[in-house]
*Asks:* 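After the structure tokens below, expect a handful of questions from me.
What you see is a predicted model, and the numbers here were worked out from it, not measured in a lab. We count ligands from 1, going down the list as the structure has it; atoms in each ligand are counted the same way. Scope of the values below: all heavy atoms of this structure, side chains included, with no hydrogens, waters or symmetry mates.
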Amino acid sequence: MKIAHIIPTFNEKDNIGQMIDMIFKIGRKYPNWENIVIVVDDRSPDNTAEIVKKYRKKYKNIHLLLKKKEGLGKALGLGYEYAVKKIKADVVIPNDADFQWDPVDYPRLIGKIREGFDVVVASRHVSGGKAVGWNWFRKLNHDISNSLLAWYVAGVHEVSDHAGNFKAIRVKNVLDKVPLEKMKNAGFSFQLHILYELSKTGARFTEVPVTFKERKLGQSKIGFNRYYIRDIFEYIKSSILIRLDRSQSFFKYAVVGVTGLLIQTAISKLLISLGLIPAISVSIGAEMAILSNFLMNNYWTFSKHVISGIKLFHKFIQFNTASFGAVIIQGLVVFTGTSLFGDEYWFWSMIFAVFILVIPYSYYIYNRFIWKTHIKKAVI
Ligand code: GDD
Ligand code: MN
């Protein structure tokens with residue numbers, strides 16, 4: 001297994017050497033792993049690059065990418081692309097140079113990859129994970145970006161820790177499906193954006209608890225400096241764009257629903273005009289609407305998770321069963337509504353049932369059970 005460790009650096013001369021040593025030292029315990037270190041340095045004024053060049057004499061598997069100062073996001077984007085396209089790695093592990101995320105934990109991340117997960121995030125927010133030595137400013141910062149923006153605004157729920165760098169990502173059918181060249185994040189919003197892009201590939205996510213420690217040597221680059229405001233605005237912008245992108249499938253689903261209703265009405269009317277009794281006409285119309293909803297959702301709304309072949313038939317039966325659930329919901333709500341408020345309230349009870357319950361219910365069932373948008377089909 002080829003593992004590419006990506007280390008972005010800006011003024012890390014005191015840490016980078018020790019970090020490289022540590023990665024290879026741990027790697028020696030696992031003879032089947034080929035470890036490759038990619039350092040992406042923004043031509044640090046402290047000459048971090050010179051240290052890396054020295055280490056290249058000690059180890060053969062070190063790559064140094066030098067570029068101008070642009071920010072963490074750009075450095076990571078370049079490192080990821082290099083790992084996928086040039087190195088052709090099987091797994092990519094980004095980490096910081098400063099030992100806040102302990103490299104000792106990387107075999108645990110790989111362990112989860114071998115279990116079949118595609119994205120394994122080192123996390124401070126699962127049981128057993130924590131951060132030590134944070135001041136109130138740092139904590140507030142983290143809570144706003146992680147909880148408020150990433151979780152609620154962007155709606156990225158695959159993991160609970162969105163901000164850190166340390167993770168293991170499978171390349172085949174996962175990272176290689178992400179359009180890295182299109183990601184324009186300059187700053188730390190890259191971390192949230194890449195999680196979102198990975199979620200769109202259908203990747204299976206998990207988190208591993210770790211302790212986020214204090215920086216070993218040198219100073220933090222992320223904090224109240226001249227890039228800070230730019231990075232915060234970029235983070236807010238990314239969160240909103242992710243939310244809009246997410247709602248696209250809901251929008252398509254709504255269009256499909258309305259089209260279904262039109263088809264049902266048209267077919268029912270046609271059949272009635274041809275002399276068929278209304279009950280049968282409407283039933284046929286409804287079934288045609290279900291069929292059109294199913295096909296349109298399959299080839300349009302959920303086209304990234306398209307069902308094909310013999311499974312299409314099996315799933316169509318499942319889809320019909322789900323539609324039956326919607327019928328039951330409406331029946332129960334209309335029954336309750338009319339019992340409480342009187343028969344003339346049947347229409348508003350039905351509208352309530354459709355908009356408040358049936359639409360979210362169906363959307364949930366489709367995502368979860370029919371097209372399984374959160375679960376990856378094949379494991380290893
Ligand atoms: N090439 C490059 N260019 N590297 C950078 C830049 C940059 O502009 N800015 C920071 N880095 C490198 C640092 O040298 C370090 O190796 C790593 O990125 C993390 O930066 P720190 O200075 O240690 O910042 P932090 O401790 O606040 O970072 C935390 O938040 C980040 C963003 O959410 C950690 O949780 C990181 O893992 C996380 O990416
Ligand atoms: Mn740090």
Side-chain angles (χ1 to χ4, degrees), residues 5-20 22-23 37-49 51-52 63-82 93-103 105-106 109 121-125 129-135 137-147 149-150 156 159-168 185-195 210-228 230-232 234-235 238-239:
H5 301 260
I6 302 168
I7 317 287
T9 54
F10 193 69
N11 288 344
E12 300 285 3
K13 72 169 170 38
D14 299 325
N15 294 317
I16 190 64
Q18 293 185 51
M19 179 51 79
I20 294 172
M22 198 58 179
I23 289 170
V37 172
I38 303 166
V39 178
V40 190
D41 184 58
D42 287 10
R43 298 191 193 283
S44 301
D46 76 348
N47 277 331
T48 301
I51 315 255
V52 179
H63 297 250
L64 173 63
L65 310 183
L66 286 171
K67 54 190 265 307
K68 63 173 195 288
K69 172 76 176 132
E70 288 170 303
L72 176 64
K74 291 275 180 192
L76 285 170
L78 182 69
Y80 278 56
E81 264 197 89
Y82 189 85
I93 302 187
N95 198 358
D96 303 340
D98 61 1
F99 287 84
Q100 286 198 271
W101 303 101
D102 197 334
D105 293 320
Y106 89 74
L109 304 185
V121 172
S123 175
R124 301 163 278 206
H125 300 310
K130 59 180 182 298
V132 294
W134 275 5
N135 59 24
F137 177 72
R138 193 57 222 260
K139 195 167 168 6
L140 182 73
N141 221 11
H142 180 76
D143 286 348
I144 291 177
S145 58
N146 203 70
S147 308
L149 291 169
V156 175
V159 289
S160 56
D161 196 335
H162 308 81
N165 194 19
F166 195 31
K167 48 181 88 68
N185 312 62
F188 51 77
S189 68
F190 180 91
Q191 307 294 16
L192 173 63
H193 195 177
I194 191 77
L195 289 175
V210 300
T211 301
F212 185 68
K213 301 183 195 144
E214 288 188 75
R215 172 176 261 278
K216 198 161 187 175
L217 295 164
Q219 272 169 12
S220 174
K221 317 301 167 317
I222 300 169
F224 213 71
N225 57 34
R226 68 194 167 107
Y227 298 104
Y228 185 67
R230 173 198 76 176
D231 287 357
I232 292 278
E234 191 184 63
Y235 201 97
S238 288
S239 307

*Asks:* Name the residues in contact with ligand 1, where contact means a heavy atom under 4.0 Å away: which are they?
*Replies:*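 Around ligand 1, where the cutoff is 4.0 Å for heavy atoms, the contacting residues are P8, T9, F10, E12, V40, D42, K69, G71, L72, A75, D96, A97, D98, Q100, W101, R124, R138, A163, G164, N165, F188, Q191, F212, R215, S220, K221, I222.
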*Asks:* Taking the six-membered ring for Trp, are F212 and W134 parallel (under 30°), tilted (30 to 60°) or perpendicular (over 60°)?
*Replies:*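 The rings of F212 and W134 stand perpendicular, inter-plane angle above 60°.
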*Asks:* Classify the ring geometry of Y106 against H5: parallel below 30°, tilted from 30° to 60°, perpendicular beyond 60°.
*Replies:*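 Aromatic pair Y106/H5 classed perpendicular.
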*Asks:* Has K213 got its NZ or CZ under 6.0 Å from the middle of the six-membered ring of F99, at an angle within 45 degrees of the ring axis?
*Replies:*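 Not satisfied by the 6.0 Å and 45° rule.
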*Asks:* Specify the closest pair of heavy atoms between P8 and I6, including all atoms of both residues, with the distance to one decimal.
*Replies:*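 Reported closest heavy-atom pair: CD-O, 3.6 Å.
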*Asks:* Would you compute the distance between atom NZ of K74 and atom NZ of K69 and round it to the nearest 0.5 angstrom?
*Replies:*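 One gets 13.0 Å once the value is rounded to the nearest 0.5 Å.
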*Asks:* Verify the distance test for D98 against the Mn ion (ligand 2): any N/O/S atom under 2.8 Å, yes or no.
*Replies:*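 Checking D98: at least one N, O or S atom is under 2.8 Å.
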*Asks:* Hey, is NZ on K67 packed in by over 12 heavy atoms from elsewhere, all under 6.0 Å?
*Replies:*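 Check passes, neighbour count above 12.
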*Asks:* Locate the shortest heavy-atom distance separating P45 from F10; write the atom from each residue and the value.
*Replies:*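 Residues P45 and F10, closest heavy atoms: CD-CZ, 3.7 Å.
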*Asks:* Would you say Q100 has an N, O or S atom lying under 2.8 Å from the Mn ion (ligand 2)?
*Replies:*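 So Q100 does bind the Mn ion (ligand 2) by this criterion.
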